Amino acid sequence: MAGKKKSKKKKEEDLKQKSLFSYVESSKSEKMGEEEEERTLDEETEELQDISEEFEEDAEMEVEVVQDQIYGEDIIKFKKAKVKSPSEIIPIPQDLFFKGNDKPFGLKEGNIKLEKISRESVTSKYIRYLIQKGEIVQNLERGLLLDVDYDGTQNKAYCKFYDLDTGEVKIWIDTTNHEPYCLSKEPISELKKNKELIGYDGFQRFEEIKRMDLLSDKEIKMTKIYGKTPINIGGSGTNIKNILAGNDKKAWEADIRYHLNYIFDRQLIPGLIYSIENGTIKKVKFKESEDESKKITQELHNLFKDESIEIQEFSEKFLDIFLTPIPDVKRMAMDIEVNIGEHDYRVPDPRQAKQEIISISFVATDGLKRVYILEREGFTYSKPHKNFPADAEVVFYKSEKALLTETFRILWKYPIVITFNGDNFDLNYMFHRADKLKISRDLNPIHVKRGFGILSKAECDLRKGVHIDLFNFFFNRSISGYAFGGAYESSSLNAISDALLGKEKYQHEEEIHEMEYNILSWYNLKDSLLTLELTKFNSSLVWNLIILLCRITKMPIHEMVRRQISTWIQNIFYFEHRRRGFLIPRRAEISELKKGGFKKSVIEGKGFQGAYVISPVPGIHYDVVVMDFASLYPSIIKEYNLSYETVLCPHEDCKDNLLRNTPYHTCTHKMGIFAYVVGFFRDIRVKYFKPKSSDKALSEKQRNYYNTIQQALKVFINGSYGVFGSQNFPLFCLPVAESTTSIGQYSIKQTIKKSEEIGVKVLYGDTDSVFLLNPSKDQMSKLSHWSKQELDLDLEEEKTYQFLALSERKKNYVGIYKDSKYVDIKGLVAKKKNTPDFIKKVFSHLLEILKNVTNNEEFSKAKKEIIEIVRDNLKKIGKSDAFSLEDYAINIALQKSLSGYDKVIPQHVRAALELKKATGKEFQKGETVTFIKTKGGNGAKAIELASLQDIDIKKYKELLRSALEQILDALGISFDEIKGIKKMDAFF
DNA sequence: TTGCTCTGCTTACC
DNA sequence: ACTGGTAAGCAGAGCGC
């Protein structure tokens with residue numbers, strides 16, 4: 001137990017003030033007891049944690065107690081349930097069975113007759129049904145805008161609003177007569193000569209308009225070419241874009257999907273609140289009259305009063321996305337279990353939907369807790385599992401068709417449905433399974449869309465409600481990395497709920513298909529409980545984050561949760577272009593005008609040169625202060641006015657306004673679009689929401705909310721530079737990326753120079769930081785002031801190490817914080833997740849000893865101990881009583897699919913292939929293979945197939961040696977000296 | 001077979 | 001549809017001896 005606790009604690013430190021998670025952890029204990037719901041759930045987990053107790057009463061289970069080698073805990077493993085003789089089988093009580101329900105639902109409700117339209121999407125049909133029923137919303141007081149999409153049958157955009165007064169989803173169809181279009185720089189008179197265009201069936205009409213062309217910094221006349229449908233603009237096959245291209249003419253803004261275009265033109269902000277009056281939508285202004293919001297508005301106005309007019313104007317326009325309170329909504333989580341055959345390790349294919357669905361659970365914010373279970377032969381009824389909540393119900397079904405039909409009834413009812421991996425599994429599976437079971441499509445609430453791109457992952461939406469697949473959201477690299485600070489290592493429900501909620505899934509040894517009803521129902525319900533809880537914990541932090549991200553990105557919820565940072569940022573900038581009447585440039589326009597490439601990258605094959613890493617001064621250092629530039633790249637982008645239109649701008653008088661350390665100049669007339677958008681996000685976060693998030697004068701709930709905003713902003717601030725530097729970003733501009741990093745290099749190099757000038761030794765630094773040897777307060781403030789003055793950047797004190805061990809390796813060090821004594825390990829092999837546990841254990845042992853070192857005398861003492869430990873452990877490798885098989889396990893992720901390895905076949909791939917052959921287990925891209933290094937054969941064996949005798953002792957000794965060498969190096973201990981006793985004596 | 005270099009692959013840091 | 005570059009370290013592959 002001790003070991004586990006420690007690792008948790010380290011994590012906390014790591015994340016301090018870096019993630020939402022840190023906030024979660026610290027606030028959890030205070031909060032308990034405050035909220036009724038939270039408490040019951042926590043109690044449940046308490047009970048859950050004691051699994052041993054839980055199963056002592058269960059006579060059918062054979063319990064095996066194993067000493068866990070990693071944490072020294074007693075882990076209980078369950079053996080398969082014993083096979084029962086038929087006489088033991090207890091029937092399910094009749095009153096627990098589903099009793100039938102004839103009430104019509106879905107499109108069957110209301111006796112509406114709809115004509116058939118071929119190739120119509122299921123959602124389009126539903127919208128026709130609503131139209132005929134007169135249920136398209138015309139009046140709505142307060143609706144949270146969740147989704148915007150395009151309906152092919154009506155050829156119009158439509159919106160899904162969550163009615164805050166009734167908790168229902170209301171669908172509204174565009175009443176503004178918005179039409180699909182693209183732009184051309186040709187005048188109408190020229191375009192009229194294009195017979196192909198004029199004669200094209202999808203062509204509608206021309207309109208002369210004006211746009212600001214940022215690249216030339218001129219307002220230009222353009223022609224808006226309207227098409228009949230979005231497909232006529234830039235779909236596949238013949239369309240206006242292609243007709244223009246065929247005539248050597250170019251189309252602008254033709255590749256933007258219609259519903260996004262609609263959002264841009266109408267300046268809709270998903271996640272904000274709208275009213276509808278006689279079919280017309282209007283944004284509901286947040287109540288400025290309230291004292292609190294008045295105060296905040298005033299504070300924010302003051303904050304930006306000295307900034308550029310671009311930033312002031314932008315902030316004016318978008319303050320309400322942060323200030324409008326986020327309503328909590330009614331929502332339901334669900335999860336299904338299917339009957340996977342014995343020894344079948346493959347994930348069932350949702351499109352085939354071959355296996356029967358045996359259990360479905362529902363948990364909702366309105367208190368619903370329910371499991372539908374299919375009656376199957378050979379399974380025994382018993383009273384509910386001990387931890388099964390008293391307020392949850394179980395309903396048994398004799399037929400799978402009835403079970404699924406009743407599930408659909410529930411799905412139509414809830415406005416928001418939360419799943420974990422519902423896109424690729426649950427919803428997808430149910431949709432196809434329903435077809436197989438011949439359940440009418442009119443009852444089926446699910447809309448399966450083929451995803452875009454080569455991978456073409458499925459996207460499952462609801463015809464009426466809104467589906468949020470949390471897997472998608474948590475899997476998002478920016479969310480896991482920036483918002484949650486890497487708190488969870490894999491994007492499994494188990495890992496995420498463990499990390500964020502401190503709760504785990506129900507652990508099971510038996511296969512799902514052989515679980516008794518009581519186990520199955522609890523297992524199934526637990527998943528839904530966790531899934532819903534993930535959106536509810538910490539005052540609905542995740543839900544708030546989702547809505548906030550919709551507001552910032554201006555993306556409909558269904559799209560926001562499924563796209564990555566690059567699409568988010570792209571959308572923000574497209575929206576902003578349209579808002580200000582700027583023409584969205586074509587990718588090629590930028591790259592032809594602004595070629596760049598003045599310096600090669602350090603690593604071959606990379607697009608441009610990146611950051612500078614200072615060579616460390618090896619050895620032991622005491623009292624090392626780390627100073628770093630606060631969000632270096634975003635600051636540079638703002639302060640140096642970097643944007644695709646400002647860098648290498650066309651103005652003659654800007655040409656001598658050279659950017660430091662680059663051959664490029666930047667604009668002196670206007671602030672660039674990248675610069676003011678990123679600048680605004682950065683400023684409002686650093687100067688306002690971040691301080692507010694830890695302002696003790698505020699209530700915890702308020703701080704919580706500010707923290708969520710602050711984290712959401714961080715996602716964009718940290719992600720923006722990476723996106724700007726990506727060739728795939730449509731506004732990519734190489735000189736912008738190069739200038740950002742080049743100015744960064746300049747800044748850190750100048751800082752080293754300056755430090756040395758004022759007599760401070762720089763020991764190390766990476767990208768945006770300098771490690772200073774025992775600087776005085778005065779020296780530090782001197783540096784800070786100098787940086788603000790000379791570089792326009794904030795250089796701040798970040799942390800102090802009482803002890804720092806550097807080797808000659810970059811990105812590798814061990815330091816101990818001065819105040820908290822927290823051990824900060826960077827880069828060392830022992831920290832990597834592919835390092836065997838036994839090495840990590842030895843390593844942490846060494847660190848325990850180093851923890852107390854504050855001077856050289858203590859250090860010599862520690863040295864002796866360390867040598868003993870290392871020698872001792874080297875001997876232990878391979879001894880049967882020393883380490884377990886799991887201790888030797890190496891975890892390596894597959895970066896590609898198994899078949900993608902054509903050049904070399906690494907160990908983990910060989911192990912995976914062997915396991916696949918032996919058991920049929922398929923490994924997907926991104927999955928982690930756990931294997932052991934073995935003597936002979938493959939050199940590697942999946943842990944499932946290996947035993948302790950197989951391990952390659954020599955290899956493991958070698959691994960331990962090299963892992964420890966990294967730290968021993970810095971401590972001035974050579975490995976040979978540890979091995980030889982004679983030399984050891986000489987050493988001391 | 002051994003030693004060496006180069007490259008592929010994975011994971012870390014910022 | 002897809003955020004960036006820099007660095008370390010292991011292991012496979014190829015090659016000359």
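Here is the naming used below: chain letters follow the sequence lines, and residue numbers restart at 1 for every chain. A quick note: this is a predicted structure, and the numbers were derived from the prediction, not measured. What's counted below: heavy atoms across the whole structure, side chains too, no hydrogens, waters or symmetry copies.
Within the model, atoms NZ of A/Lys840 and CG of A/Leu847 stand 13.0 Å from one another, a figure rounded to the nearest 0.5 Å.
The backbone N or O of A/Ile943 sits nowhere less than 3.5 Å from a side-chain atom of A/Thr930 that would complete a donor-acceptor pair.
Side-chain rings of A/Phe724 and A/Tyr633 stay apart, their centers remaining 6.0 Å or farther from each other.
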- Which letter, B, S or -, goes with each nucleotide of nucleotides 7-14 of chain B from 5' to 3', with contact meaning a protein heavy atom under 4.0 Å? -SSSBSBS

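At most 12 non-hydrogen atoms from other residues, nucleotides or ligands lie less than 6.0 angstrom from NZ of A/Lys954.
In this structure, CD1 of A/Ile479 is placed 12 Å from P of C/dT3, rounded to the nearest angstrom. Atom P of nucleotide C/dT3 and atom NZ of A/Lys714 are separated by 18 Å, given to the nearest angstrom. The nearest whole Å value for the distance from the CD1 atom in A/Ile839 to the P atom in C/dC10 is 10 Å. Atoms OH (A/Tyr721) and C1' (C/dT6) sit 10 Å apart, rounded to a whole Å.
In this model, the phosphate group of C/dC10 is approached by a side-chain N or O of A/Ser962 to a distance below 4.0 Å at OP1 or OP2. Between A/Ser566 and C/dT3 there is a side-chain N or O to OP1 or OP2 distance below 4.0 Å.
Residue A/Arg477 has its side chain nearest to C/dT3 when only C/dT6, C/dG12, C/dT3 are considered. Distances from the side chain of A/Phe608 to the nucleotides C/dG5, C/dA1, C/dT3 place C/dG5 closest.
Nearest-nucleotide positions on DNA chain C place A/Arg562 closer to the 5' end than the other of A/Glu808 and A/Arg562. Mapped onto DNA chain C by nearest heavy atom, A/Gln564 and A/Ile905 fall at different nucleotides, with A/Gln564 at the one closer to the 5' end.
If you check every strand for non-hydrogen atoms under 4.0 Å, A/Gly939 touches nothing. A/Gly725 comes within contact range of the sugar-phosphate backbone alone, with a heavy-atom separation under 4.0 Å but no base atom that close.
Ring planes of A/Phe883 and A/Tyr888: perpendicular class, angle over 60° (limits at 30 and 60°).
Residues A/Ser643 and A/Phe674 share a closest heavy-atom pair of OG-N, 3.0 Å.
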